[in-house]
Peer 1: 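Just dropping this structure here.
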Amino acid sequence: MKPFRRLSASMALAALIAGCGTPPGQPRADSGTPAPADVVDFSALYAGNCAGCHGVNGQGGAAIALANPVYLAIVDERAMRASIAGGVRGTSMPAFAQRAGGMLAEKQIDALVNGIRSRWSRAGALDGANPPSYMPGSAGDVRRGETAYRTFCETCHGPDGRGGPKGSAITNDSFLALTSDQGLRTIVIAGRPELGAPDWRGNVAGRPMSDQDITDVVSWLASHRVAAPGQPYVAERSAVGASRAE
């Protein structure tokens with residue numbers, strides 16, 4: 001029994017020494033929760049900042065799907081980072097960088113960009129095709145854009161973009177008020193696979209849209225923007241108020 005008592009005493013001494021580094025009632029140095037700005041886990045960052053608009057696992061929602069390999073093949077890392085950090089003026093995409101009034105540190109924005117690209121990019125997404133440029137390289141023409149719309153878009157989105165059997169209204173003033181010209185161009189090029197909308201190659205069989213077709217269609221769509229979106233509803237409410245006052 002004597003060896004057992006000596007062993008027990010040694011174990012007790014070791015436990016006492018191990019506990020001396022942490023004052024009673026205080027958490028251990030490695031047991032604390034990291035500060036919000038130190039969280040760099042992609043899943044946590046995406047769920048907390050992106051999923052509400054871009055969908056769970058990047059599958060799309062109110063905003064485009066980020067898990068679209070065609071989109072990731074045409075957008076460069078710099079452009080993606082700029083959109084996350086600074087937002088997109090005139091749309092519902094806010095700025096997330098702390099330097100722009102958001103909540104994320106630069107390393108967290110890096111984690112989002114790297115995570116999106118590494119998880120959802122796919123080699124061969126373009127099947128060897130030479131895609132239109134992500135950003136326009138020339139000015140668009142509204143008249144040519146109307147012709148291009150009728151050729152490539154009207155079958156789904158209906159006459160004058162008011163909606164059709166396969167696509168929503170895309171000249172709606174509220175939709176256009178929440179979408180930038182670049183956002184329109186991105187959708188036309190990359191499509192919205194989560195909604196069944198093809199990329200620039202799939203509107204007319206064997207005839208992909210050219211870079212200029214896309215630029216012109218975006219100009220035509222943008223020409224439908226109005227200064228005060230939803231104004232008819234405002235006017236209607238004013239008329240109702242006036243009739244009640246009478």
Side-chain angles (χ1 to χ4, degrees), residues 53-55 57-83 88 91 93 113 116-172 175-176 178-224:
C53 290
H54 293 284
N57 295 321
Q59 294 302 312
I64 64 171
L66 297 176
N68 177 352
V70 174
Y71 165 68
L72 294 174
I74 64 169
V75 64
D76 61 39
E77 184 174 320
R78 180 179 179 181
M80 179 182 287
R81 196 182 195 288
S83 295
V88 181
T91 75
M93 175 68 178
V113 173
I116 289 169
R117 300 188 76 85
S118 64
R119 291 186 179 215
W120 297 325
S121 294
R122 178 170 60 81
L126 301 180
D127 295 325
N130 185 25
S133 62
Y134 176 68
M135 301 183 70
S138 62
D141 180 271
V142 173
R143 290 186 179 181
R144 289 198 309 259
E146 183 176 10
T147 300
Y149 174 84
R150 289 174 178 168
T151 301
F152 296 102
C153 315
E154 187 173 84
T155 301
C156 290
H157 294 285
D160 204 38
R162 294 191 297 270
K166 299 180 181 178
S168 61
I170 52 176
T171 52
N172 176 276
F175 167 70
L176 292 173
L178 293 170
T179 310
S180 66
D181 286 5
Q182 180 60 56
L184 293 171
R185 183 177 180 87
T186 299
I187 292 171
V188 175
I189 299 174
R192 290 203 62 173
E194 76 278 16
L195 301 179
D199 62 39
W200 88 99
R201 299 166 291 186
N203 297 291
V204 176
R207 186 181 173 185
M209 296 179 74
S210 70
D211 193 292
Q212 192 63 53
D213 287 333
I214 294 167
T215 300
D216 292 339
V217 162
V218 170
S219 293
W220 180 78
L221 290 170
S223 73
H224 288 76

Peer 1: Are any non-hydrogen side-chain atoms of Thr186 and Gln182 less than 4.5 angstrom apart?
Peer 2: yes
Peer 1: Is a side-chain N or O of Thr91 found less than 3.5 angstrom from the main chain of Ser180, in a donor-acceptor match?
Peer 2: no
Peer 1: Check whether any side-chain heavy atom of Ser138 lies under 4.5 Å from a side-chain heavy atom of Gln212, and answer yes or no.
Peer 2: yes
Peer 1: Begin with the C-alpha distance, continue with both residues' side-chain angles, and end with the deciding distance and a verdict on side-chain contact (heavy atoms from CB on, under 4.5 Å) for Leu184 and Leu176.
Peer 2: CA-CA 9 Å; Leu184 293 171; Leu176 292 173; 4.1 Å; yes
Peer 1: Rounded to the nearest 0.5 Å, what's the gap from CG on Asp213 to OG1 on Thr151? Could you check?
Peer 2: 8.0 Å
Peer 1: Would you call Arg162-Asp160 a salt bridge at under 4.0 Å N-O?
Peer 2: yes
Peer 1: Mind checking the NZ-CG spacing from Lys166 to Leu195? Nearest 0.5 Å is all I need.
Peer 2: 15.0 Å
Peer 1: Do the side-chain N and O atoms of Thr215 and Arg185 include a donor-acceptor pair separated by under 3.5 angstrom?
Peer 2: yes
Peer 1: Go through the steps to decide whether Met80 and Tyr71 satisfy the test side-chain contact (heavy atoms from CB on, under 4.5 Å), and finish with yes or no.
Peer 2: CA-CA 11 Å; Met80 179 182 287; Tyr71 165 68; 4.0 Å; yes
Peer 1: How close do Ser121 and Leu72 get, heavy atom to heavy atom, and via which atoms?
Peer 2: N-CD1, 3.5 Å
Peer 1: Would you mind reporting whether Ile170 and Tyr149 have side-chain heavy atoms less than 4.5 Å apart?
Peer 2: yes
Peer 1: Rounded to the nearest 0.5 Å, what separation is found between the CH2 atom of Trp220 and the OG1 atom of Thr171?
Peer 2: 5.5 Å
Peer 1: Given 3.5 Å as the limit, does a donor-acceptor pair link the side chain of His157 with the main chain of Ser168, or not?
Peer 2: yes
Peer 1: Could you pull out all residues at least two apart from Glu146 that satisfy salt bridge (Lys or Arg N to Asp or Glu O under 4.0 Å)?
Peer 2: Arg150
Peer 1: Side chains of Leu66 and Trp120, heavy atoms from C-beta outward: is any pair under 4.5 Å?
Peer 2: yes
Peer 1: Measuring only between side-chain heavy atoms, which start at C-beta, is Ser219 closer than 4.5 Å to Asp141?
Peer 2: no
Peer 1: Quiz question: by atom type and distance under 3.5 Å, do the side chains of Ser133 and Asp211 form a donor-acceptor pair?
Peer 2: yes
Peer 1: When you measure from the side chain of His54 to the backbone N and O of Ile64, does any donor-acceptor pair fall under 3.5 Å?
Peer 2: yes
Peer 1: Once you round to the nearest 0.5 Å, how far does CG of Asn68 lie from CD of Glu194?
Peer 2: 7.5 Å
Peer 1: Are the side chain of Arg201 and the backbone N or O of Leu126 linked by a donor-acceptor pair below 3.5 Å?
Peer 2: yes
Peer 1: Please evaluate residues Ile214 and Ile189 with respect to the criterion side-chain contact (heavy atoms from CB on, under 4.5 Å), reporting the C-alpha separation (whole Å), side-chain torsions for both, the decisive distance (0.1 Å), and the verdict.
Peer 2: CA-CA 8 Å; Ile214 294 167; Ile189 299 174; 3.7 Å; yes
Peer 1: With side-chain contact (heavy atoms from CB on, under 4.5 Å) as the test, would you mind laying out the steps for Val70 and Trp200 before giving the verdict?
Peer 2: CA-CA 10 Å; Val70 174; Trp200 88 99; 4.1 Å; yes
Peer 1: Return each pair, listed once, that meets salt bridge (charged side-chain N to carboxylate O under 4.0 Å, His left out) where at least one residue sits in residues 119-139; pairs must be two or more places apart or across chains.
Peer 2: none
Peer 1: Within this structure, what is the CE-CG distance for the pair Met209 and Asp199, rounded to the nearest 0.5 Å?
Peer 2: 11.0 Å
Peer 1: Under the side-chain hydrogen bond (donor to acceptor under 3.5 Å, both in side chains) test, which residues partner Arg117, sequence neighbours left out?
Peer 2: none
